[in-house]
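Labels below follow one simple rule: chain letters A, B, ... track the order of the sequence lines, proteins then strands, and each chain is numbered from 1. All figures in this text were calculated on a predicted structure; none of them were measured in a lab.
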Protein chains: 2
Amino acid sequence: MVRTADAETRRMQVADALLRVVARDGLAGAKLVNVADEAGVSVGLVQSYFRSKTDLLRFAVEALLDRTERRVDDVRSVRPLREALRQLAELLLPLDDDRRDEAAVWLAFLPVTLTDPEMAAMHRAAIDRQLAGVDRAFAASRTLGELTRKVDPALEAMALTAFLDGLSNYMVTMPHVFDAESARRMLRTYLDRIFEGDE
Amino acid sequence: MVRTADAETRRMQVADALLRVVARDGLAGAKLVNVADEAGVSVGLVQSYFRSKTDLLRFAVEALLDRTERRVDDVRSVRPLREALRQLAELLLPLDDDRRDEAAVWLAFLPVTLTDPEMAAMHRAAIDRQLAGVDRAFAASRTLGELTRKVDPALEAMALTAFLDGLSNYMVTMPHVFDAESARRMLRTYLDRIFEGDE
């Protein structure tokens with residue numbers, strides 16, 4: 001393995017550990033030494049990735065956005081688009097342990113975007129990208145005749161994004177009520193109502 | 001004015017100031033002296049309400065839940081229930097400055113519920129109450145024949161609650177995209193799809 005690949009592997013290892021620690025202890029409770037312990041690496045190595053609380057959060061959010069991006073790439077070619085949308089939407093919900101940790105980090109990130117301009121810009125860029133992708137999917141499924149109902153693709157993209165974010169937050173904060181099975185049923189009902197014909 | 005009324009007035013004054021300061025500076029940036037300045041009272045008085053960061057957040061969340069409760073009481077008797085639901089849903093969205101500050105405090109509160117059992121219990125109690133109220137409204141509007149579509153009231157209550165929370169968060173974090181007019185349109189579309197007849 002060449003040096004660059006080693007560095008990338010270690011970076012991922014630290015990112016994975018960081019996501020678990022922030023999910024478990026919160027942003028306030030995340031300590032460098034715990035991240036190093038969790039990753040099985042030295043504190044010095046962890047420090048080389050982030051020197052401040054802001055760095056730590058940026059690194060964690062970049063790691064979860066990277067992960068999401070890779071998962072999204074896998075379903076881009078699914079047809080019909082309604083099914084692609086359902087699969088994409090499920091990717092954004094904490095239906096497994098990794099996603100649960102990521103959703104907890106996302107929850108810690110949101111309030112920081114209100115007071116930190118750099119975090120606000122990261123948030124805006126990620127959500128704008130998501131909105132544009134979902135908007136295109138709704139518009140394309142109208143064009144392909146999959147979606148016969150009259151919809152405003154941009155507004156539907158915003159509403160679906162809001163619904164998924166709220167649902168994801170509740171799945172993390174109240175998992176005994178908002179469990180995986182309920183979340184899948186809510187998502188199915190939500191998409192069914194958009195896609196059912198009104199003519 | 002009797003002593004008790006004075007105390008209540010001062011408490012509300014401090015609560016209002018606290019909501020504004022947390023909304024503006026975040027939970028991390030909220031200082032006792034700023035809250036006192038904002039409220040036009042002494043630091044000592046503010047200290048009598050909260051002695052720690054946890055106390056401060058609990059006080060802020062209690063204040064916003066109190067405010068919401070009072071607003072909700074005003075629309076309980078509205079008929080048809082579909083219109084009551086729309087009005088209740090709008091009350092939960094940051095459509096004015098006060099609600100915007102409250103939504104920012106709510107956003108700061110959510111991640112803390114993951115690591116603080118007392119905050120988790122406050123969150124669960126507030127959301128359980130909301131879910132029960134919305135569940136009853138959906139069930140009643142089925143019984144009254146306002147809602148002819150077959151729905152699961154408990155699941156609809158969860159989905160609407162998730163949608164409103166996500167939408168509220170985006171209205172605070174990305175107000176240039178999720179503006180008041182878009183939010184009202186999304187909410188109208190959302191309720192229309194539930195209430196439109198399928199028979």
Side-chain angles (χ1 to χ4, degrees), chain A residues 22-29 53 103-116 119-120 123-124 127-128 131 149 151-152 154-174 176-179 182-183 185-187 189-190 192-194 196 198, chain B residues 22-29 53 103-116 119-120 123-124 127-128 131 149 151-152 154-174 176-179 182-183 185-187 189-190 192-194 196 198:
Chain A
V22 175
R24 188 183 64 215
D25 305 329
L27 192 57
K53 215 77 179 177
V105 170
W106 187 251
L107 205 54
F109 170 62
L110 289 181
V112 182
T113 66
L114 294 186
T115 50
D116 183 317
M119 297 297 172
H123 180 251
R124 202 162 45 239
I127 299 304
D128 280 346
L131 288 174
R149 186 191 281 267
V151 299
D152 176 335
L155 205 75
E156 289 300 337
M158 287 164 67
L160 180 58
T161 295
F163 173 62
L164 292 173
D165 220 55
L167 187 49
S168 175
N169 292 345
Y170 278 114
M171 290 176 74
V172 176
T173 56
M174 292 181 63
H176 59 299
V177 179
F178 291 80
D179 56 38
S182 304
R185 281 177 61 204
M186 282 185 256
L187 177 59
T189 304
Y190 189 102
D192 280 352
R193 289 203 184 125
I194 296 175
E196 70 191 7
D198 57 346
Chain B
V22 175
R24 188 183 65 216
D25 304 329
L27 192 56
K53 214 76 178 178
V105 170
W106 187 250
L107 205 55
F109 169 63
L110 289 180
V112 181
T113 67
L114 294 185
T115 50
D116 183 317
M119 296 297 174
H123 180 250
R124 203 162 44 237
I127 299 304
D128 280 345
L131 288 174
R149 184 191 282 267
V151 299
D152 176 335
L155 205 76
E156 289 300 337
M158 286 164 68
L160 179 59
T161 295
F163 174 63
L164 292 173
D165 220 55
L167 187 49
S168 175
N169 293 345
Y170 278 114
M171 289 175 75
V172 176
T173 56
M174 292 180 64
H176 60 298
V177 179
F178 291 80
D179 56 38
S182 304
R185 281 177 61 204
M186 282 184 256
L187 177 59
T189 304
Y190 188 101
D192 279 352
R193 287 201 185 128
I194 297 175
E196 70 191 8
D198 57 344

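For chain A, no part of B:Ala120 is nearby; none of its heavy atoms comes within less than 4.5 Å. For B:Tyr190, the part sitting under 4.5 Å from any heavy atom of chain A is the side chain, from C-beta outward, and nothing else. For B:Leu131, the part lying near chain A is the side chain, with the backbone staying farther off; criterion is any non-hydrogen pair under 4.5 Å.
The candidate with the highest count of non-hydrogen atom pairs below 4.5 Å against chain B, out of A:Met158, A:Met186, A:Glu156, is A:Met158. Contact tally against chain A (heavy-atom pairs below 4.5 Å) for B:Leu155, B:Thr189, B:Thr161, B:Thr115: the top residue is B:Leu155. The candidate with the highest count of non-hydrogen atom pairs below 4.5 Å against chain A, out of B:Val177, B:Val151, B:Ile127, is B:Ile127.
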Please report, to 0.1 Å, the donor-acceptor pairs under 3.5 Å made by any side chain of residues 165-174 of chain B, with sequence neighbours excluded.
| unit_1 | atom_1 | unit_2 | atom_2 | d |
| --- | --- | --- | --- | --- |
| B:Asp165 | OD1 | A:Tyr170 | OH | 3.4 |
| B:Asp165 | OD1 | B:Trp106 | NE1 | 3.2 |
| B:Asn169 | ND2 | B:Asp165 | O | 3.4 |
| B:Tyr170 | OH | A:Asp165 | OD1 | 3.4 |
| B:Thr173 | OG1 | B:Asn169 | O | 2.9 |

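Remark: B:Ser182 engages B:Asp179 in a side chain to side chain donor-acceptor pair (under 3.5 Å) (not counting sequence neighbours).
Contact of the B:Leu114 side chain with the A:Leu107 side chain is registered, since non-hydrogen atoms from C-beta on lie closer than 4.5 Å. Using a 4.5 Å cut-off on side-chain heavy atoms (C-beta onward), B:Arg124 and A:His176 make contact. Taking 4.5 Å as the limit, some side-chain heavy atom of B:Arg185 sits within range of a side-chain heavy atom of A:Asp152.
Considering all non-hydrogen atoms of both residues, A:Ala162 and B:Phe178 come closest at CB-CE2, 4.5 Å. For the pair B:Pro111 and A:Pro111, the tightest heavy-atom approach, listed with the atom from each and the gap, is CG-CG, 4.0 Å.
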